[in-house]
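Here is the structure we will look at.
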2 protein chains.
Amino acid sequence: MFTKVLVSEDMDDIHKGVYTLLTDLGISEIQQAQYCDDAYLKIKKGELDAAPYELLITDLSFKQDHRTQKFESGEDLAKAIKKEYPHIKVIVYSVEDRLQRVRTLINDYHVDAYVCKSRRGLTELTNAVHAVFNNETYLSPEVIAALSPKNELEIDNFDIELVRQLSKGLSQDEISKYLKTQHISPNSLSSIEKRLNKLRVQFKANNAIHLVAIVKDLGLI
Amino acid sequence: MFTKVLVSEDMDDIHKGVYTLLTDLGISEIQQAQYCDDAYLKIKKGELDAAPYELLITDLSFKQDHRTQKFESGEDLAKAIKKEYPHIKVIVYSVEDRLQRVRTLINDYHVDAYVCKSRRGLTELTNAVHAVFNNETYLSPEVIAALSPKNELEIDNFDIELVRQLSKGLSQDEISKYLKTQHISPNSLSSIEKRLNKLRVQFKANNAIHLVAIVKDLGLI
DNA sequence: CTACTTTTTACGGAAATCCGTAATGGTTTA
DNA sequence: TAAACCATTACGGATTTCCGTAAAAAGTAG
C-alpha cells in the first residue's frame, strides 16, 4: 500500500473522514493541504527531498479567501502535478458529477481516479485507493458513463466557449471580433450564429438566453 | 448543553467530523439521518415517545437516489420541523452562501443558526451550538450581511420572476402575454422592458443573457 | 485532378432586443 | 383642489438576434 499521501481539501470535517479512512488502510504518513498552492509546494518539496508523495487526493472546488492562489482549483492542481510528476497517482474526490469535466480530467490530464462525494463516498474512495495502487483507473458509478465515448459528443470545446462568452455578456458580433483578435477560426458572425443555432436545437432551447441557462444548469460552463 | 441531537447529512465523511465535534461538546445521544424523510420521522417519533430531540443540524442539499422523498431538501425539512415543533432548535450547515436563501431560512422559517461549510466550518459550528443553546441566533461571518436589511434591496419577487421566465426561454413579449393571462400587473411589454433594464443596470449586465447568467450565479433563481 | 462532402462565410429579411422619449393614470403632499 | 410625484404604458428607431438560402473555401475519396 502507499506510504506517503497528500490530501488537498479545504473543509476540515471532510478531511477528517478521509484521514481516518487512510489510517485504516495502514498509511502512515498523511499530510493535508488546505490550499492548492500549498499542495503543489508540498509535493515539489517532497520530490526535492527525495521523499516523494506517492498519492494525491484532491477536491476540485476550494472556497476563495484573501490569499490569492496560483492554482485556483483542484483541476489546475491535478493538471500541473500529472504533467510534472506523472509517477504520482492522483485521485479527484469531489461532489461534481458532470461527465464533461470528468472526461477532461481522465483523458486530458490523466488523473487516475474520480470519486464522487456522496453517501458511499468514503467506501468508493477506499476502492479507488486500492485500484490506483494496482495501477488501475477508478470511476464512481455515477460518472462511469463519462468514458463510454458514444453519448452527447459532437459538442466540442469551441461550442462551450461560445456559450461562455455569451454568458459573459458579449454580443455575437463582439465574440466574432474577439475570436479574430485571437486568430481563432471559425470567427465570422455567420459561423457563430450557425454554431449557436446547432446548440439551441441540441439543447432544445428557445433562444440564446434559454441556451445559456440550460448549459449553466448542466454545469458545462 | 443539549443531550439529544439529530444530524441530517448524507455524506458520511462530513458526518464523521460533526459527530466528533458533538461528542467533544459532551453530547451523549447523537443520531444521524441520511435522508430528510428519515430525519423527519425520527423527530416525530422522538416527540411521540416523549424523548424529543433538542437540536437538529441539517444540510441543505442531498444527493438524489432511487428513494423518492417527501422532503427533497434540508430547506423543506427545516421549514416543516420549525412549524410543527418550534421548540426544537435548528442549525443549518451548508456550503450554500447565498444571502437570499439565508434570509428566507432565518426570517421566514425561523431556523436558529446558519453555518457555512468552509475551512473553519467545524469551529463555527461549535460556536453555533453554544449560541443556539443560549437561545441566540448564529450566522457565519460569510452570511452575516444577510440580516442587515440595507443592501441589494428594491429587487422584489416580481423582478426575480421576470428573470426566471427569461431563463426558461420565454421572450419578453411572451412574458407579457403570460402575465396577462395570470392577471398579474404590470404586464405590458414596455413595463417588462423597463424592469429588466433596471435590473441590467443594477447587476451591471450588458444584455439579457448576461443578466440571466449573473442572477443564476448569485443563486437568486 | 475531379467529383463529392463538409465547413465556413456572406447576405437579406423577419423578429426581438435595446433605449430614449412621452403620454396616461393613480397616489401623495401642500 | 392643485401640484408634484411615481409607476405603468405607448411609441419609434437603432441594434441585435433569428433563420433561411447560397456562395466560397477546405477537406475527402476515387
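Order of the sequence lines sets the chain letters (A, B, ...), proteins ahead of strands, with each chain counted from 1.
Within a 6.0 Å radius of NZ in Lys79(A), other residues, nucleotides and ligands contribute 12 heavy atoms or fewer.
When rounded to the nearest whole Å, the span between CG of Asp173(B) and C1' of dC18(D) equals 15 Å. For Asn197(A) and dA15(C), the CG to P distance is 17 Å, given to the nearest whole Å.
Geometrically, Lys70(B) engages Tyr40(B) in a cation-pi contact, judged by NZ or CZ lying under 6.0 Å from the ring centre and within 45° of the ring axis.
Less than 4.0 Å separates DNA chain C from at least one heavy atom of each of the following residues of residues 188-195 of chain B: Glu193(B), Lys194(B).
Phosphate contact (OP1/OP2 of dT17(C), side-chain N/O of Arg200(B), threshold under 4.0 Å): absent. Side-chain nitrogen and oxygen atoms of Gln172(B) include none within less than 4.0 Å of the OP1 or OP2 phosphate oxygen of dA15(C). The shortest distance between the side-chain N/O atoms of Asn207(A) and the OP1/OP2 oxygens of dT17(C) is not below 4.0 Å.
Direction change of the helix axis from one end of the helix from dC1(C)-dG30(D) to dA30(C)-dT1(D) to the other is 30°, with five pairs defining each end axis (rounded to 10°).
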Point to revise | salt bridge (Lys or Arg N to Asp or Glu O under 4.0 Å) between Lys117(B) and Glu9(B), worked out | key: CA-CA 12 Å; Lys117(B) 285 179 184 166; Glu9(B) 163 67 66; 2.9 Å; yes

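Ion pairing of Glu161(A) with Arg164(A) is present here, as a side-chain N (NZ or NE/NH1/NH2) and a carboxylate O approach within less than 4.0 Å. Between Asp173(A) and Lys177(A) there is a salt bridge, since at least one side-chain N of the basic residue sits less than 4.0 Å from a carboxylate O of the acidic one.
Between the side chains of Tyr93(B) and Asp13(A), at least one donor N or O lies within less than 3.5 Å of an accepting N or O.
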Any protein N or O atoms within reach of nucleotides 23-25 of chain D? Criterion: under 3.5 Å, listing atom names and distances.
none

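Under the side-chain contact (heavy atoms from CB on, under 4.5 Å) rule, Tyr114(A) has a single partner from Leu60(A), Thr137(A), Ile91(A), which is Leu60(A).
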